[in-house]
Each structure stands twice: as C-alpha cells, then as structure tokens.
Amino acid sequence: MKNTKTDFIPIDYDYFDCNGRNYAKIIGRSSKGERICIVDECDVFLWAILRDNVSDKKIKKLIKKISEIQLDTKGRQTKVEKVELKEKNFLGKKVKALKIYATNYKDLHDVADELGMKEIKKRRGYDLGYVSHYIIEKDLTPLKWHEISGKSLDNSKELGGIGMSLDVDKCIKADSIKPVKSKKKTKAQKDFTPKVLAYDIESDELEIGDGEIIMVSLVDNNGFQKVITYKKDNEKISKLPYVEYVEDEAALLEKFVEYVREISPDFLTGYFSDGFDLPYLRARAEKFNVDLALGLDESRPRFSRGRNMSGKIKGIVHLDLIKFIKTAYAQYMKSETLSLDDVAKEFLGEEKNPFEHQHSSKLDYEGWQKYYEYNLQDSKLVIQLFNKFWPDLLEFSKTIQEPVFDVSRAGLSKYVENYILHNLKKFNEIPEKRPTYNDIRERRSSGGVTGAFVYEPTPGLYENLAMFDFTSMHTSIIITHNLSKGTLLKNKKQEKNPIESPELTLKGKKQKFYFSKKQGFFPELMREIFNKRKKFKAQYKKDPNVITRARSNAFKVLSASVHGYVGFFGARYYSLEASASILAFVRKYNKDTIKKIEEKDHKIIYGDTDSISFLIKEKNKKQIKKLLSDLNSELPGIMELELEKIYKRGLWVTTRAGKIGAKKKYALIDKEGKLKIRGFETVRRDWCQLSRNVQDKVLRLVLKDGDEKRALEYVKKIVEKIKNREISIKDLIIKTQLKKSIKDYKSLPPHVVAAKKMKEQEIPVTQGNLVEYYISEPPKGKKARLVREKVKLPGEKGKYNIEYYLKRQILPAVENIFQVFDIKIKEIMKDGKQKTLGDF
DNA sequence: GAAGTGGATATACC
DNA sequence: ACTGGTATATCCACTTC
C-alpha cells in the first residue's frame, strides 16, 4: 500500500466497526478541493476510580481480575485488553484510577457493569459517544486544518473495502495527524469555504408523506439553480431557465438524488428540513421505491428517533438551519416567529416573494410561474442564511470541538458541556458521568434556588439617567469566586480560609456554602469562554455588521448559559449549592453597588439582576466614568461594571393593578433620539398591532418632546376611529402561540378556541403555531360574557368588538403611561362606551 | 349573576 | 427535558353571596 500525504479539514465525523474494533471515518477536504476520507483508530477505555487507601497488593489483584473480563454481547466479543494504574484528578481531587482498555466503545457500558468490586468507587468515561471520545483522544478538531500522512486505501479491500465503497477522491488510513499552526496556513487553507447546497420542497399536504412532492429546488453558491418538477399548466412549458421538467414524482426524486450526488456538497442545508423536507422525501421515495442514495456510500438518510427528529446523511452534513438559529439567536431576535420569511427579513433584509399558497390544482400558467419562482427563492434564502451563519457555525464548532452536525442541533447546555469535556485533558481530569434518570428526578424535585434581585421603581418620567451593568455577571462570579461542583467544600473547616458564599436560603434553610481557594478546572474553563465573549464583543464594536453582531450575541449566549448549565438538572457538572451561591453573589453585588451609588448622592431609579439605572444630576459623562472606575476599583477578581449608556429621559409606570412601580417594564431615550423599550405591550407579540403602535407612538411623544398633551390628542383620535369602525381588522388581529396540543389545555383561552375553529375549517394548525384571531361583536340576541365566545378567525366576516378593543387593548396599553402625568384616560374611554351603547 | 380570587397560560427581562 | 429565576398581565374556573 502506498504512503500518502495531504492537508485536511475535517467536516463530517462517523465511525464503523471492523472485526469488532471501532474506526473513525472522517470526511473533509484538502486545500486542493479534493473530497477526502480519513480512517483512524484510537484507544478505547474507561476509568475505574479507586477508593482511598486500597493497598498495592489489592490493586494488583484487582488489575488481574479486571484484565480477564471477556464479554459476548450483542454478538460482539469484547474483552479487557489492558489495565493501567494512573494518577488522575476527578472533580479536582487527586485519585488513583485504573485505565481499562477494551475492544469496542459500544461495550464499555457492559464492561462498567462488571466492575462492581468494592475497591472501585466510581466508573467513568464510558458515556461520551465514540466520535467525541475520538476527537478528544486524537485532537482532530472539526474545521481546523491538519496535515495527514498514512496509507492510501484507494482500491483497497482492507477495512471492509471502505476505500472502494465511498464516493471520495482519496481515502487514507492515518498514521500521523498534525494540526497546521495558524501562522503556517496557506492562502488556499485560509480561503476555504465549504461546498453548500440548499434545498426546499413544495407540497399541498403538510402531513409528512400525505401528499405529492410538487417540486424541489436546489441552489448552490456557484450559480447552480434548479427547480425540478413534473407539474405545469396543461402543456404550457415554463420559460424560466431553471425549471427542469421530469416525467413524474418518482423521476423528480431520482433527479434530486442525481443532482445532489453530482454536486456532492459538504453541506446539504434546508430550513425545518429535519422535520419536513428530508422526511417527506424519504416517505415519498419509499412509496415509489426510489433509492434515496444521498450518502457518499450510497446509503439513505437515517433518522434519529425521538421527539426531535434529525436526518443524517453519510459523508454530507445535513444541516437544518432553524435549529441552530433557535438555539443561538432566538432570544436576541426581533422576529415574531422563526419562519423562513421572518428570519430572512431580519438577517438578510430580504422578503420572500409575496405568495399566496393555493392548492396546486387551482393554478394557471401565471400561478405556476410564481410557484416555481417562490420555490427557488426559498432555497436562495436558505443558502444566503447559511452564508450568514457559517462564520458562527465555524466558530462554535471549533470552540466546543464537536462536528457541525451536532453543534447545529444541540441545546445550550450541550455547548457548555462539550466545551468542558473537550478540555479536561490539560487538567488530567476524568469526565463526570451523565446523570441517570433517577439523578434527574431527584434534582428536579429538590426545588429551585432563589434568583436575582429586581429593584422596585417609583413610577415617573425622569431626565438624565445612566445605566451601569456588570459584564457577564454570573460567569464573572463563577471565575472570581471559584464556584463549581468540584470546588465545593463539605464544610467550613475542610480548608483554611475558604471562599464563603453570602448567606442564602436553600430548601428552607438559611446557610452558607464554602468553596476551595485552589483554582478549579471548571471556573478556569469558564474564563476561556468569558474571554472569547469579550473578544467578539470588542470586534463587533469596532466593526459593527450583521456577522460580528451575530457572533457577539452567540458568545454572549454561551457565556450567559454557563450559570444556567450549573443549575440544569441534566448537566454532568450540576451543582445546586454552586448555583445557589452564584445567585447569592449576584444579589449581593447588585445591592452593594446600589448602596455605593446612593452614597454618592445619586437617586436609584431601577435595577434588574446585573444592571442599575440612576439619575446623573448635573454630572457629565466624564464624571460618571470616574464614578464607574471608582466602583470598579473596589470590585474583586474579574468583576467589572460598565457604562451601558447615558439616557436623556426614562419612563417607568405602575403595575396594572396597584400603585407600585412595575418591574421589567420601562422606556428610555438616548441623546440621539433612539428608544430602548422593555416589557411594554409594544414589544409583546400577543397584543394587537393597533395597541402596539399606539403605545409606541405615545411613548415616543412623551420621551422625545415630553409632550403628553399631543400624545393625549393622538389617543383621542384613535379612540374616535375605533368607535367609528375605521380600523382595519388586520390591525386588530391578536397572535398567540399554541404551546401545547389542543387537547392538553386545562382551560379554554381565546387562542385555543381560535385553534379549534381552524381545525373545523381544515386550516392546518399544530402545536407551536402562532394562532391569529380577533374579537368580534357578540352574535345578535346572544349574551357573550366570555372573550372566547367572541373569537373570530381573520378570514371570518364580522364586526370588531368596539368595547373590547377600547377597554381591553387600547386602555391598558396607554392608561399607566398617562397616569404618570395625572391624566385619567379612562374618562375618555367611558364616553366611548356610552356612545357605542347608544349605537345599538 | 356579580365580585373576588387563584390557577392556567403566554410572554418578556436578564 | 434539553440553560436558569423573576415578573407582568390576561382570561378562565371556581367560590361566595
């Protein structure tokens, strides 16, 4: 066999068994653009952590006994091949542990079950999954350039003939893998961009496989654009250059496979394609007996079971963008839904073709042209979104050292956890195990911990305010005070001068927790995440664009998830005590800082968790910065307070019921006239557009010019319009998400009634949809006490309910704002009510 | 059947 | 179940008079 060498960027990871052993199979590219498959092996082992004070003699005996373990499970013969005694760390403590090598990773769990000996305290490291284990062992980090040398497997029958069965340019059994230093990267390596193909299907039926696939579009980054279809208006052939007709649906599926194989992308990407496009293609392929051989080994897509389906294609990364966007960006997005339409609008500034979905049987020639165009447009949007998010996927994948396939489907806890697992080596740490079902149940029932502190504001309009906030507060606290599961001490006396948490209440008991002064691996790792967050934030400030903003937000999310991870019941490094302590510190720092600012004669207006707003009085920005640096000089470790912004005016209102100030609800305006609105109905999607617009306008008038009189005039005008039925139904639509399936609701709120109506009218609606409805006048002669009795769908004819929109939508949206100026808006509405009553 | 209250539900903030 | 806790607000479900 020939020795060969190449550079290599790993993209897709998989493994296979040959003669009972595991082999990693990694697909990627060389800088020449060749498709390359690397086959490699690594040691397979687990850890048995020994109890303290087990004698050397006993250890020897134990090693002998374990060495003899042989298993015959699932038709595989696995045995313990070697046992070594090692000095390791577990949760930061020195331990003696046996490194137990076995034949097949999948059998490690069964090997662990054989290790019930009393000298063994814990068994660890058998539940990472082979791919993660391999990446950790061999440092073949995804999407980083490597130099590979080894034997060519092309045309070889070795290892099950893998070199012949894969559609790649080269297949190499690796002897040596070396990372390319970033300074030594060639231009071709630096310029690497993956081959991407976006796809989208159209069907009349939304239920998987129920209807025909009418067309499928494909778009790549090199000008390839196709709509494959067999449908047209009679015999009139489209003039659109990208439309390609085939005989029937089966031929469409075959053509689709043909193009994917021809282009052979690194990424096949779609939008909601895990849940719709790919399973649909599979269902139809099964029906017509078409071999959906998309994999590089001509295998069909494989679907994971479970609630969240995901489709895997061998050698090609099937990437459903919606999942990644949901995890990494959803909480920072303005879009009301995660539909392709909304997301494209937000990130690409591009709207989808306005297209009314019609049943395909009703389309004429023009209708079909529009439909083809629309189908292509979706794939175009998908590939543009991929291009936008590629830098982020790349960064995440390199950071947490997991393949893009997994990164794009994982939740935030997995991000944090993988970062830890892939970085334990430098601490000589044995990985903690995943919690068992019982662990999880216990953790969930243990009750929560007390959270952050929110300052109760005094309602009013204020001038000249500053807002300070702590940089990545929870993460800074973990790092500064060395808080984690591993550094938690059993009691105060375990260590001299331990770190002491503020007093807190946990499980109804007032107590404190103590943590080691010795730097723990967990806080140390969090420092790395924290630094990345800082770096990307600075980058965004220097060069603000969509990508730098997205990346900054992405790492903000990751950094902000660290604390959530510690308190997450599914986490390997879960710690209720650490979580409670982190939050106790959060409260303490916020309250202490409030006190210090008050001592400098500033009136505090508001504060939530890590922020504080106060009146700057006659001080200028420089003086405020001085105050800030004074406060910072007193903060320990990496704790840092920063000036978020100075605002010209700010408004806080009462709660709906009482006279106290409402928390999490305020509006600010800076000197450039830019508004920052939080919590108000304006930013809530479950209020009708009219209420949101009216409130937004009122807030603007009040904040910009301090002109509540004009705001009042404006509201009066709107009230008149409502009374005169001059408002379009479209502005009165209320949108509420159906969070559960209809039958699971214990009560029957309006949006569930709307969803039921949709079902009756055969409008597709499922859990997770945003349900739209408006409130109409009650049917004649019928008393409708409940709101739900007046629910109508947007398509249903009817008159909007004047009283409802005045009293339940407009009034609540503006009443509290005017109350700040002692204007009783209710009086104005009352007139309206009498008038409406008079109308009938 | 009006009034009051707690629960269910959705959404936002950090 | 798939990061956490804090908070507001609506409408329903139920009790009471």
Side-chain angles (χ1 to χ4, degrees), chain A residues 306-308 323 326-328 331-332 336 409-417 434-435 437 440-441 443-444 447-457 467 469-470 472-475 556-571 573-574 576 578-580 582-583 586-587 590 606-612 644 653-658 660-666 676-687 691 734-740 744-753 770-771 775 783 785-791 804 807-809 812-813 816:
Chain A
R307 235 167 14 98
N308 276 323
K323 289 193 178 161
K326 196 175 177 179
T327 310
Q331 51 183 137
Y332 292 95
E336 278 178 14
R409 288 167 177 83
L412 291 170
S413 69
K414 278 267 175 290
Y415 283 19
V416 178
E417 190 152 283
R434 265 204 304 256
Y437 192 76
I440 289 177
R441 204 178 47 193
R443 290 173 182 187
R444 294 186 74 192
V449 295
T450 315
F453 164 73
V454 187
Y455 188 96
E456 187 192 302
M467 188 187 277
D469 60 23
F470 283 92
S472 300
M473 191 184 209
H474 300 74
T475 311
K556 185 176 174 174
V557 171
L558 184 59
S559 176
S561 312
V562 167
H563 163 249
Y565 173 81
V566 173
F568 170 49
F569 50 77
Y573 294 97
Y574 167 88
L576 190 66
S579 178
I582 293 162
L583 287 163
V586 166
R587 294 189 293 272
N590 194 278
Y606 184 60
D608 185 348
T609 311
D610 60 353
S611 76
I612 299 163
E644 200 262 345
V653 298
T654 65
T655 61
R656 188 104 188 87
I660 60 160
K663 296 170 178 180
K664 301 192 185 284
K665 208 171 181 184
Y666 59 89
K676 175 173 178 162
I677 300 176
R678 293 290 119 101
F680 274 109
E681 284 74 5
T682 299
V683 299
R684 293 182 62 96
R685 69 171 180 193
D686 56 349
W687 283 72
S691 304
I734 297 161
K735 300 176 190 173
T736 314
Q737 194 186 15
L738 193 70
K739 291 247 196 202
K740 310 187 261 196
D744 290 339
Y745 280 88
K746 284 174 191 156
S747 64
L748 203 56
H751 74 288
V752 178
V753 172
L770 211 52
V771 174
I775 303 305
K783 267 186 202 159
R785 196 175 53 86
L786 297 172
V787 176
R788 66 159 171 245
E789 293 164 54
K790 290 166 276 193
V791 165
Y804 176 84
K807 277 174 66 181
R808 303 270 174 206
Q809 287 282 327
N816 297 337

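We name chains A, B, ... by the order of the sequence lines, and we start the count at 1 in each one.
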Remember a base hit wins even if backbone is also touched, and classify A/Gly451 as base, sugar-phosphate or nothing at under 4.0 Å, heavy atoms. sugar-phosphate
Please state how far atom CD in A/Gln737 lies from atom P in B/dA12, giving the value in whole angstrom units. 10 Å
Scan A/Gln331 against the nucleic acid and name what it touches under 4.0 Å (heavy atoms): base, sugar-phosphate only, or nothing. base
Has A/Lys665 got a side-chain N or O lying under 4.0 Å from the OP1 or OP2 atom of C/dA7? no
Which nucleotide wins on minimum distance to the side chain of A/Thr736, given the candidates B/dA12, C/dA13, B/dT11? B/dT11
In this structure, how many angstroms lie between the C1' atom of C/dT10 and the CG atom of A/Asp686, rounded? 9 Å
note: A/Lys739, atom NZ; B/dA12, atom C1'; distance rounded to Å ~ 11 Å
Output the rounded distance in Å from CG (A/Asp608) to C1' (C/dG4). 14 Å
Go through B/dA10, C/dA13, B/dC13 for me and flag the one nearest to the A/Tyr666 side chain. B/dC13
Under 4.0 Å between a side-chain N/O of A/His751 and OP1 or OP2 of B/dA10, yes or no? yes
Would you mind telling me which residue lines up with the more 5' stretch of DNA chain C, A/Thr654 or A/Gly567, judged by nearest nucleotide? A/Gly567
Can you tell me how far apart CD1 (A/Ile734) and CZ (A/Arg685) are? Round to the nearest 0.5 Å. 14.0 Å
Is the charged tip of A/Arg587 near the ring of A/Phe453: under 6.0 Å from the six-membered ring centre and within 45° of its axis? no
Measure from the side chain of A/Val454, starting at C-beta and using heavy atoms only, and say which of B/dA12, B/dC13, C/dT6 lies closest. C/dT6
Within the structure shown, what part of the strands sits under 4.0 Å from A/Thr450 by heavy-atom distance: base, sugar-phosphate, or nothing? sugar-phosphate
Assess whether one donor atom and one acceptor atom, taken from the side chain of A/Arg656 and the base of C/dT8, lie less than 3.5 Å apart. no
Have a look at A/Gly570 and say if it touches a base, only the backbone sugar-phosphate, or nothing, with a 4.0 Å heavy-atom cut-off. nothing
Would you measure the distance from the P atom in C/dA7 across to the matching atom in C/dT3 and give it in whole Å? 23 Å
Aromatic ring centroids of A/Tyr574 and A/Phe569 under 6.0 Å? no
Categorize A/Arg785 for me: base, sugar-phosphate, or nothing, with a 4.0 angstrom heavy-atom threshold over every strand shown. nothing
Would you please confirm or rule out a distance under 4.0 Å between OP1 or OP2 of C/dA13 and any side-chain N or O of A/Arg788? yes
Respond yes when some side-chain nitrogen or oxygen of A/Tyr573 is under 4.0 Å from OP1 or OP2 of C/dT3, and no when none is. no
Atom CZ of A/Arg443 to atom P of C/dG4: distance rounded to whole Å? 12 Å
Name the nucleic acid region contacted by A/Tyr415, choosing base, sugar-phosphate or nothing; use a 4.0 angstrom heavy-atom cut-off, strictly under. nothing
Could you tell me whether A/Leu748 contacts a base, only the sugar-phosphate backbone, or nothing, with contacts defined as non-hydrogen atoms closer than 4.0 Å? sugar-phosphate
In terms of the angle between their ring planes, are A/His751 and A/Tyr745 parallel, tilted or perpendicular, with boundaries placed at 30° and 60°? perpendicular
Looking only at atom types and distance, does a side-chain atom of A/Arg808 sit under 3.5 Å from a main-chain N or O of A/Val787, one as donor and one as acceptor? no
Looking at C/dT3, B/dT11, B/dC14, which one has an atom nearest to any side-chain atom of A/Thr609? B/dC14
Consider the side chain of A/Phe568, meaning its heavy atoms from C-beta on, and name the nucleotide among B/dT11, C/dC2, C/dA13 that approaches it most closely. C/dC2
Base, sugar-phosphate or nothing for A/Val449? Non-hydrogen atoms, less than 4.0 Å. sugar-phosphate
Between A/Tyr804 and C/dT10, is there a contact of a side-chain N or O with OP1 or OP2 at under 4.0 Å? no
Among C/dA13, B/dA10, B/dC13, find the nucleotide with the atom closest to the side chain of A/Val683. B/dC13
note: A/Lys790, atom NZ; C/dC12, atom P; distance rounded to Å ~ 9 Å
Grab the NZ-P distance between A/Lys740 and B/dG7 for me, whole Å please. 15 Å
Polar side-chain atom of A/Asn590 near backbone of A/Thr609 as donor-acceptor pair, under 3.5 Å: yes
Quick one: which of B/dT9, B/dT11, C/dT3 gets closest to the side chain of A/Lys746? B/dT9
OP1 or OP2 of B/dT11 less than 4.0 angstrom from a side-chain nitrogen or oxygen of A/Arg684, does that happen here? no
Sorted by position of nearest nucleotide on DNA chain C, 5' first, the leading residue of A/Phe453 and A/Thr327 is A/Thr327
Which nucleotide in C/dT6, C/dT10, B/dA8 has an atom nearest any side-chain atom of A/Trp687: C/dT10
With the side chain of A/Lys663 defined as its heavy atoms from C-beta on, choose the nearest nucleotide among C/dA7, B/dT11, B/dC14. C/dA7
Within the structure, does a side-chain N or O atom of A/Ser561 lie under 4.0 Å from either OP1 or OP2 of C/dT3? no
Ignoring hydrogens and geometry, is there a side-chain-to-backbone donor-acceptor pair from A/Thr327 to A/Ala410 under 3.5 Å? yes
Do we see a donor-acceptor contact under 3.5 Å between the side chains of A/Tyr565 and A/Glu417? yes
Can you tell me the distance, in whole Å, between the CZ atom of A/Arg678 and the C1' atom of C/dT6? 16 Å
